[in-house]
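Data first, discussion second: the structure below is written as structure tokens.
Chain A is the first sequence line, chain B the second, and so forth, proteins listed ahead of strands; every chain is numbered from 1.
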2 protein chains.
Amino acid sequence: MAGRRTDTRERAQRVALQLFAEHGYESTSLRMIAERLNITKAALYYHYKSKDEILAAVLSDFSTAVAGLIDWGEQQPPGPETRRELLRRYAELAASGITPAARLLQENQPALREQPLAAEVRSHVVTLFDLLAGPGALTGANGPAASLRVRLAITALHMAGEESELAEDGGQELLAAALNIACGLIDPPSADSASEKRAHGDGRFGGPFAQEAAPTPNHP
Amino acid sequence: MAGRRTDTRERAQRVALQLFAEHGYESTSLRMIAERLNITKAALYYHYKSKDEILAAVLSDFSTAVAGLIDWGEQQPPGPETRRELLRRYAELAASGITPAARLLQENQPALREQPLAAEVRSHVVTLFDLLAGPGALTGANGPAASLRVRLAITALHMAGEESELAEDGGQELLAAALNIACGLIDPPSADSASEKRAHGDGRFGGPFAQEAAPTPNHP
DNA sequence: GTCTATAGAGCGATAGAC
DNA sequence: GTCTATCGCTCTATAGAC
């Protein structure tokens with residue numbers, strides 16, 4: 001491991017992730033990747049046997065990161081503190097540069113549909129969402145709001161993570177703000193929509209559209 | 001207008017928007033569009049002189065919808081009621097099917113970079129964001145949180161809009177929940193992050209990461 | 001308005017020299 | 001480990017018949 005002769009493989013993965021996230025998987029050609037590495041297309045095939053394998057290598061980093069996060073979360077007692085700490089750790093991941101991978105996954109679903117590792121990562125994310133909102137939130141069993149809030153919380157961290165790369169102070173203020181927003185989004189689970197119980201007295205959330213909220217005709 | 005001989009052009013735009021949003025602009029070939037219309041690739045070139053022109057036609061519908069929304073908004077007195085009504089109207093647009101166009105715009109930025117109409121639409125969206133958060137929010141002048149909250153509010157409506165197409169009741173409950181969440185996101189503008197004033201007493205938003213919040217080193 | 005046929009370019013991938 | 005050269009395919013776009 002320590003004594004290999006070139007670092008092309010690692011550089012290739014860094015460059016490929018960046019390009020996949022920026023231009024999309026299908027629109028990123030092997031020529032583009034090779035040019036940034038100052039090698040030729042054919043040389044890439046010494047390191048990977050297909051374009052798909054480059055994608056898999058890139059995704060596996062993200063997969064293990066999220067897997068580690070949910071391993072920790074599943075060993076904690078469920079509750080608001082654990083959920084907030086999960087968000088905090090995810091914000092750390094976002095700050096350390098996993099957001100390109102997250103964006104790649106989110107914005108290339110059709111292209112990644114045949115990629116087994118993408119399905120694996122996606123199932124990890126589903127587990128993480130369940131931990132953040134209670135089981136079944138993604139399928140809408142807790143009402144539509146809970147699932148939406150969790151996805152928005154993660155989205156907030158992604159947005160901040162991407163922007164923080166451009167910020168002059170490393171984006172710490174931005175990430176702090178995003179984490180606060182994310183915590184606020186998952187903190188009062190099922191506090192609006194059909195069940196109208198308010199966490200605190202003022203009616204600020206009683207927006208329009210709400211008068212139509214039906215008593216949840218879920219398929220049992 | 002009323003007496004043309006085929007409806008191929010309109011059908012083509014409907015189909016193209018759907019495919020562009022689902023597979024991405026570059027990954028959608030004219031062959032795919034033509035096959036769904038039961039015509040050939042070459043026939044498409046009778047109606048449009050390039051693939052880019054199909055994209056422009058598809059985007060212009062979205063552009064006029066958003067332009068109408070901000071025209072209304074700019075004639076209203078600024079304030080929370082106007083902002084909430086803007087969100088409500090945007091939620092109506094989302095429910096009526098503009099989310100594929102919004103997704104197309106958001107998820108194909110590199111491919112649409114050369115498309116003039118895309119820049120126009122994007123500037124409309126920026127204006128809408130300004131209306132929703134006060135001027136300068138997108139550039140972060142109000143602190144990082146305000147811009148994030150507005151973008152998350154719109155994202156909530158997009159998420160609900162896309163899912164509502166699959167729901168059995170038209171997704172009204174989901175859209176109502178999303179609108180409530182969106183209103184809650186923009187309602188207390190600049191209520192966290194650096195300036196720590198709370199709208200109401202409980203410290204639920206006082207999350208971690210906040211201890212590092214610096215006093216906003218903005219470039220003036 | 002729609003078709004067949006084709007030009008010209010870029011793509012992923014392979015073979016084989018060095 | 002990297003190169004040149006090439007194969008087979010799909011893409012956008014055009015020419016011209018019907």
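A/Tyr45 has its OH atom 18 Å from the P atom of D/dG1, to the nearest Å. Remark: C1' of D/dA13 and NE2 of B/His47 are 16 Å apart, rounded to the nearest angstrom. As rounded to whole Å, 15 Å separates atom P of C/dC3 from atom CZ of B/Arg31. Put simply, CG on B/Asp52 is 17 Å from P on D/dC11, counting in whole angstrom units. The separation between A/Met32 atom CE and C/dA9 atom P is 20 Å, rounded to whole Å. For the pair B/Ile33 CD1 and D/dT12 C1', the computed distance is 12 Å after rounding to whole Å. B/Glu26 has its CD atom 12 Å from the C1' atom of C/dG10, to the nearest Å. Rounding to whole angstrom units, CG of residue A/Leu30 and P of D/dT10 are separated by 17 Å.
Without hydrogens or angle criteria, A/Lys41 side chain to A/Glu35 main chain gives no donor-acceptor distance under 3.5 Å. Between the side chain of A/Thr99 and the backbone N or O of A/Ala102 there is no donor-acceptor pair closer than 3.5 Å.
Take the nearest nucleotide of DNA chain C for B/Thr8 and for B/Lys41: the residue whose nucleotide is more 5' is B/Thr8. Nearest-nucleotide positions on DNA chain D place A/Arg11 closer to the 5' end than the other of B/Ala42 and A/Arg11.
Counting only heavy atoms from C-beta on, B/Ile39 has its side chain closest to C/dC3 among D/dC3, C/dC3, C/dA13.
Within 4.0 Å of A/Ser29, counting heavy atoms only, lie sugar-phosphate atoms of the nucleic acid but no base atom. Contacts of A/Thr28 with the nucleic acid, taken as non-hydrogen atoms under 4.0 Å apart, involve only primed sugar atoms and P, OP1 or OP2.
Regarding contacts with the backbone of C/dG1, a side-chain N or O of B/Tyr46 is found under 4.0 angstrom from either OP1 or OP2.
Between B/Met32 atom CE and B/Glu22 atom CD the span is 7.5 Å, to the nearest 0.5 Å.
Salt bridge absent: B/Arg89 and B/Glu92 never bring a charged side-chain N and a carboxylate O closer than 4.0 Å.
Figure legend: B/Lys51 and B/Tyr25 shown as a cation-pi pair, the cationic atom lying under 6.0 angstrom from the six-membered ring centre and within 45 degrees of its axis.
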